[in-house]
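To start, the structure under review is shown below, and the notes come after it.
Quick note: residue numbers are just sequence positions, from 1.
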Amino acid sequence: MSEEKVKKVGRGIGTARGTTRLKFSHEHANSKNGLFLAHIDSVVLGTAKIGEDTTGMPSFNGMEIPRLAIVFASNESEAAKRKYITLSWNAVESNVNTIQGGKEAWKVDSIFDYMKHILDVFVLKGKEMTADMEEKLTLPFNDTDENGEYSPVEPEVVIAGWTTLFQNFVTILTTGNDGKPVYQTKEGTPITLWIKLLRFQKQGKAWKALNSRGDLAFPAFVGEGVIEIYNQNTPPSIKINVMREDIKPRQIEERKEPNLPGISGPAISIPPTGTAYGANLDPFDGNNGIDDSPF
């Protein structure tokens, strides 16, 4: 019996990676305030497969978790000249440390702080959240008992809960302007934003890179704000604290461990618009899930 021949894949356009999208540099910042002008290019809900040998998310090992990616782009008229940066979050494990009041509750709280900040900028604009919106943006599982102690939840339930919450957030951002994205005008023009990107932050007396590559990134914590709608006649209210924050490259001692807990994650699967590869799967590895890899 003859063996069936396997067709060898040849070299061609189908195997090409294409061009790499450009990154933001400190040289692109506004000279007066150190902020960057940009707009939201896309909001995409994708998935990330957690490998069996991955450390840091043991309850998710071997599973696919949701990953929400918001892609920002600079405002050049030619798309090929635009710079891109992605702000992303992944589902967070439910365990004794991540519950409300736990020592790693920040992993959940910081995502919610960022999401609320974005809603304040584009949707709420000083108004309170409606009861319906609040319900849709609340995790639909309870991992504490009546005494506030940890009550285990199956990881499949946790993943499904985060997926639903992220889906609802994406729906609000992409359809909340009379069926159109809230980050665009009713005519479909992207809304220009000030965004705050940093390379280094001071922790104690030492300067620490926000990510292992030393690239610009959104701060891991929203603080006093990192996104603001551009108004030509009004200076932005978001600011860079020059005593503790820096957008320029620095010569610092190379750190061997992340300054915030993180893991090295596998490639992710996201629809073509806004796709990123090889992202770190901990949303707060000091890089807030940022990935500047080819889209």
Side-chain angles (χ1 to χ4, degrees), residues 24 30 33-45 66-75 85-90 92 100 105-140 162 164-186 188-198 201 210 216-241 245 274 283-284 287-290:
F24 282 90
N30 181 279
N33 55 38
L35 303 174
F36 298 82
L37 288 173
H39 64 274
I40 291 181
D41 180 73
S42 63
V43 179
V44 183
L45 180 59
R67 181 176 190 257
L68 175 59
I70 303 178
V71 181
F72 293 79
S74 56
N75 297 327
I85 191 164
T86 304
L87 173 62
S88 62
W89 309 290
N90 309 289
V92 178
Q100 252 183 324
W106 56 266
K107 289 186 176 181
V108 176
D109 296 340
S110 296
I111 295 176
F112 290 163
D113 288 345
Y114 247 102
M115 294 173 79
K116 178 61 163 52
H117 174 48
I118 292 170
L119 289 176
D120 283 337
V121 171
F122 291 107
V123 179
L124 300 175
K125 300 178 181 179
K127 297 181 293 185
E128 295 294 323
M129 293 177 64
T130 65
D132 179 63
M133 183 183 291
E134 189 167 350
E135 182 180 357
K136 289 180 177 178
L137 298 178
T138 297
L139 288 170
W162 278 102
T164 297
L165 187 147
F166 283 165
Q167 284 175 336
N168 291 338
F169 186 70
V170 170
T171 298
I172 291 171
L173 291 189
T174 57
T175 67
N177 185 14
D178 292 332
K180 297 180 180 180
V182 299
Y183 47 86
Q184 296 177 0
T185 66
K186 291 186 178 180
T189 304
I191 295 173
T192 298
L193 307 169
W194 289 112
I195 62 173
K196 177 178 175 177
L197 305 176
L198 302 174
Q201 287 182 304
L210 266 69
L216 287 165
F218 284 98
F221 301 96
V222 74
E224 297 178 352
V226 297
I227 301 167
E228 185 175 327
I229 293 177
Y230 171 78
N231 186 325
Q232 185 175 3
N233 301 315
T234 306
S237 60
I238 57 175
K239 293 180 173 62
I240 291 178
N241 180 349
E245 300 173 330
F284 300 103
N287 190 20
N288 200 24
I290 303 302

- Drop me the distance from Gln100's CD to Asp109's CG, to the nearest 0.5 angstrom. 7.0 Å
- Query: Are any of the side-chain heavy atoms of Leu68 and Ile111 separated by less than 4.5 Å?
  - Reply: no
- Message: On a heavy-atom basis, which atom in Leu139 and which in Leu165 lie closest, and how many Å separate them?
- Response: N-CD1, 3.6 Å
- Between the CG atom in Asp41 and the OH atom in Tyr183, the distance rounded to the nearest 0.5 Å is 8.0 Å
- Task: Give the C-alpha distance, both sets of side-chain angles, the deciding distance and a yes or no for side-chain contact (heavy atoms from CB on, under 4.5 Å) between Ile240 and Asn33.
- Result: CA-CA 7 Å; Ile240 291 178; Asn33 55 38; over 6 Å; no
- Task: Kindly indicate whether the side chain of Lys186, heavy atoms from C-beta on, has any atom under 4.5 Å from the side chain of Asp178.
- Result: yes
- Task: State, yes or no, whether a side-chain contact exists between Tyr230 and Leu35 at a heavy-atom distance under 4.5 Å.
- Result: no
- One should read off an interatomic distance between Lys116 NZ and Leu124 CG, to the nearest 0.5 angstrom, of 5.5 Å
- Would you indicate whether the side-chain heavy atoms of Trp162 and Val108 approach each other to under 4.5 Å? yes
- Note on the structure: Looking only at heavy atoms, the pair that brings His39 and Leu193 closest together is CA-CD1, 4.2 Å
- Task: Evaluate the ring planes of Tyr114 and His117, with Trp represented by its six-membered ring, and classify them as parallel (under 30°), tilted (30 to 60°) or perpendicular (over 60°).
- Result: perpendicular
- Heavy-atom side-chain contact between Thr171 and Lys136 under 4.5 Å: no
- Query: Does the side chain of Leu137 come within less than 4.5 Å of Phe112's, by heavy atoms?
  - Reply: no
- Query: With under 30° as parallel and over 60° as perpendicular, where do the rings of Phe36 and Phe24 fit, or are they tilted in between?
  - Reply: perpendicular
- Task: List the atom of Ala220, the atom of Ser110, and the distance in Å for their closest heavy-atom pair.
- Result: O-CB, 4.4 Å
- Message: If I compare all heavy atoms of Val182 with all of Ile191, which pair ends up nearest, and what's the gap?
- Response: O-CD1, 3.5 Å
- Task: Check Glu224, Glu245, Glu228 against Lys196 for a salt bridge (charged side-chain N to carboxylate O under 4.0 Å, His left out) and give me the one that passes.
- Result: Glu245
- Item | Leu173 side chain reached by Ile40 side chain, heavy atoms, under 4.5 Å | no
- Looking only at heavy atoms, what is the nearest atom pair of Thr138 and Glu134, with distance? OG1-O, 2.6 Å
- Are Ile238 and Val226 close enough that some pair of their side-chain heavy atoms sits under 4.5 Å apart? no
- Which word best sums up how the rings of Phe221 and Trp106 line up, parallel for under 30°, tilted for 30 to 60°, or perpendicular for over 60°? perpendicular
- Passes side-chain contact (heavy atoms from CB on, under 4.5 Å), Asn177 versus Gln184? Steps please. CA-CA 8 Å; Asn177 185 14; Gln184 296 177 0; 5.6 Å; no
- Task: With rounding to the nearest 0.5 Å, note down the distance linking CZ in Phe72 to CG in Leu37.
- Result: 13.0 Å
- Note on the structure: Taken to the nearest 0.5 Å, the spacing of Phe169 CZ from Met133 CE works out to 10.0 Å
- Query: For the atom pair OG1 (Thr192) and CG (Asn75), what is the distance rounded to the nearest 0.5 Å?
  - Reply: 4.5 Å
